[in-house]
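Here the structure comes first, spelled out in structure tokens, and everything after it is commentary.
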2 protein chains.
Amino acid sequence: MDFAPPKYAQVMRTIQDRIESGEYAPGDMLPSETQLVRELGVGRTTVVRALQTLAMQGWIEREHGRGSFVKGRPQSAADRVRPSLTTAEHGESPDAVLEAGRVPAPRHIARLLGVAEKTPVVVRKRLARQADVISAVETVWVPLEHALGTDLDKPEPLRRGIRQHLQAVKHLRFDHITERINARPPTEEEAELLGSSGPLLGVLATVHDPAGNALMVISLALPGSLHELEDVFKVS
Amino acid sequence: MDFAPPKYAQVMRTIQDRIESGEYAPGDMLPSETQLVRELGVGRTTVVRALQTLAMQGWIEREHGRGSFVKGRPQSAADRVRPSLTTAEHGESPDAVLEAGRVPAPRHIARLLGVAEKTPVVVRKRLARQADVISAVETVWVPLEHALGTDLDKPEPLRRGIRQHLQAVKHLRFDHITERINARPPTEEEAELLGSSGPLLGVLATVHDPAGNALMVISLALPGSLHELEDVFKVS
DNA sequence: ACTCTCAACTTATTCGGACAAGTGGACGAG
DNA sequence: CTCGTCCACTTGTCCGAATAAGTTGAGAGT
């Protein structure tokens, strides 16, 4: 029952490990395909496949007639902090949950969920803390069809987090998230909860399943003085 | 002198075109590899390479033993509006430039540029407009070593934009941008220029060349009431 | 009706061979 | 010294063959 990865994947792993260990430094030229064939004992097509995939992923750069050159561990969008995903995945502490139950969907939430305004939906509101300082107000809205049978409308904390809970109870899978960010003043309620009336980073995110349906909307109020979102992107 | 793309790229193009035209709809099963070999008159390895690449790019999903299935045009991080890159690429209108010259680098800018505080740098400040409404204050900071010989420190508008100007005059290439976003109140100057004192989306971006050096820092003041940044990301 | 087997179909991987095309350096001729 | 040619090296593309492995449906047997 031994699982051996495909050879091309092993070649990729070998090269990635050498890049990360510093054996191959950014700017260095890799051994040629012919050398790798001999060293690793595989066919040339296998080596080429590994190298092409590494190039597509951004680890290396291949130049026709010259060789393959190390770029380094690629910058990845996945490296960016995604506040809405963090909210969905974070386990809840015993005193975090402020509100859990059914409410009529406000217009902007209904639109994102693809339901009619005032349709009953489940809402779950909680406070996030960092070092005992209240750092954010997080609100999650879930259509009834997805919330029925779960504990989302109950005030008991979900220790494993909302995403895991939905996966375990209803086999719901997250595929992609559409996130919108703006700057706004806090509502009166938010200012009271946060103990501050300075500008907020407002995050409104829609979580979609693989078929594109909206599973939930996550709304975050992040005090501008406590939060900064960082992103790195390539320019072609 | 006719340029024919490689066959695997032509196969990719054919399939992408059929997906975008709706001939292959999301969820549909593609013709099998063997059928594509016959239809397109190429070798199986060529078809496989095209399909594998489309799968890696997110256009299709391949299931062992079952077939290849259409997902659709992939959501791409490149689809997200990048305000700092837009600033660098946008041509300047005749009355946009507010300030152009040399100043000592403030501490937070010096740090991002990797120079000592108060080192002379070139600053270029301008107003962005949408439908004749002032929509943003944009400030660009460039180390002298990169600005010398350019027109960045002159008030005449750069019609082709800053990025193209630096590429043409100094052969500087953009590789990646680190972008930080927060929410803050405007400075007095910003409030006056923008005609509003509501919360701002503050964007601070560092543009890097392929070797990782900082080419410039772009600072944007975007009124929260006029701007919303949207992003779509995959969740695994 | 249900279950199991097999055949036809599908993708996954690997290999080797061949030709095309680009790079860089060495060597020889002018 | 300069320039052109050639050679050794490099990656780029394409093909066919083979084996492995997964899926599905039809047919036969219980």
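The sequence lines fix the lettering, A, B, ..., with proteins before strands; numbering per chain opens at 1.
- Applying the 4.0 Å criterion to OP1 and OP2 of C:dA12, one finds that A:Lys7 has every side-chain N and O outside that range.
- For the contact set between residues 24-39 of chain A and DNA chain C, defined by any heavy atom under 4.0 Å, there are no members.
- In terms of the side-chain hydrogen bond (donor to acceptor under 3.5 Å, both in side chains) criterion, residue partners of B:Glu39 (sequence neighbours excluded) are, by chain and number, B:Arg18.
- Across all strands, B:Gly65 comes closer than 4.0 Å to base atoms (heavy-atom distances).
- Atom CZ of B:Arg62 is separated from atom P of C:dT11 by 6 Å (rounded to the nearest Å).
- Without hydrogens or angle criteria, B:Arg124 side chain to B:Val140 main chain gives no donor-acceptor distance under 3.5 Å.
- In this structure, CZ of B:Arg66 is placed 16 Å from C1' of C:dA12, rounded to the nearest angstrom.
- Checked for salt-bridge contact, B:Glu33 and B:Arg62 meet the test: a charged N lies under 4.0 Å from a carboxylate O.
- Checked by atom type and distance alone, the side chain of B:Thr53 pairs as donor or acceptor with a backbone atom of B:Arg49 at under 3.5 Å.
- Under a 4.0 Å N-O distance rule, the pair B:Arg126/B:Glu92 qualifies as a salt bridge.
- If you walk DNA chain D from 5' to 3' and mark each nucleotide with an atom closer than 4.0 Å to a heavy atom of chain B, the marks span D:dT13 to D:dT24.
- Annotation: salt bridge (charged side-chain N to carboxylate O under 4.0 Å, His left out) contacts of B:Arg13 (sequence neighbours excluded): B:Asp17.
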Quick one: which protein N/O atoms are closer than 3.5 Å to N/O atoms of nucleotides 4-7 of chain C? Pair and distance per line, please.
none

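- Between the CE atom of B:Met216 and the OG1 atom of B:Thr206 there is a distance of 11.0 Å, given to the nearest 0.5 Å.
- Atom CD1 of B:Ile162 sits about 11.5 Å away from atom CG of B:Asp151, to the nearest 0.5 Å.
- Geometrically, A:Arg82 engages B:Phe233 in a cation-pi contact defined by less than 6.0 Å to the ring centre and at most 45° from the axis.
- Aromatic ring pairs are classed by plane angle as parallel below 30°, tilted from 30° to 60° and perpendicular above 60°; the pair A:His176 and A:His208 is parallel.
- Listed by residue number, B:Arg44 are the residues of residues 44-54 of chain B with a heavy-atom contact under 4.0 Å to DNA chain C.
- Side-chain N or O atoms of A:Lys170 include one that pairs as donor or acceptor with a backbone N or O of A:Glu145 at under 3.5 Å.
- In the interface, the side chain of B:His64 is not paired with the base of C:dA12 through any donor and acceptor atom under 3.5 Å apart.
- For the pair A:Tyr8 and C:dT13, the criterion of a side-chain N or O lying under 4.0 Å from OP1 or OP2 is met.
- When the shell of 6.0 Å around CZ of A:Arg180 is examined, it contains more than 12 heavy atoms from other residues, nucleotides or ligands.
- B:Lys7 and B:Val42 make their closest contact through CD-CG1, 3.8 Å (heavy atoms, listed as atom of the first residue, atom of the second, distance).
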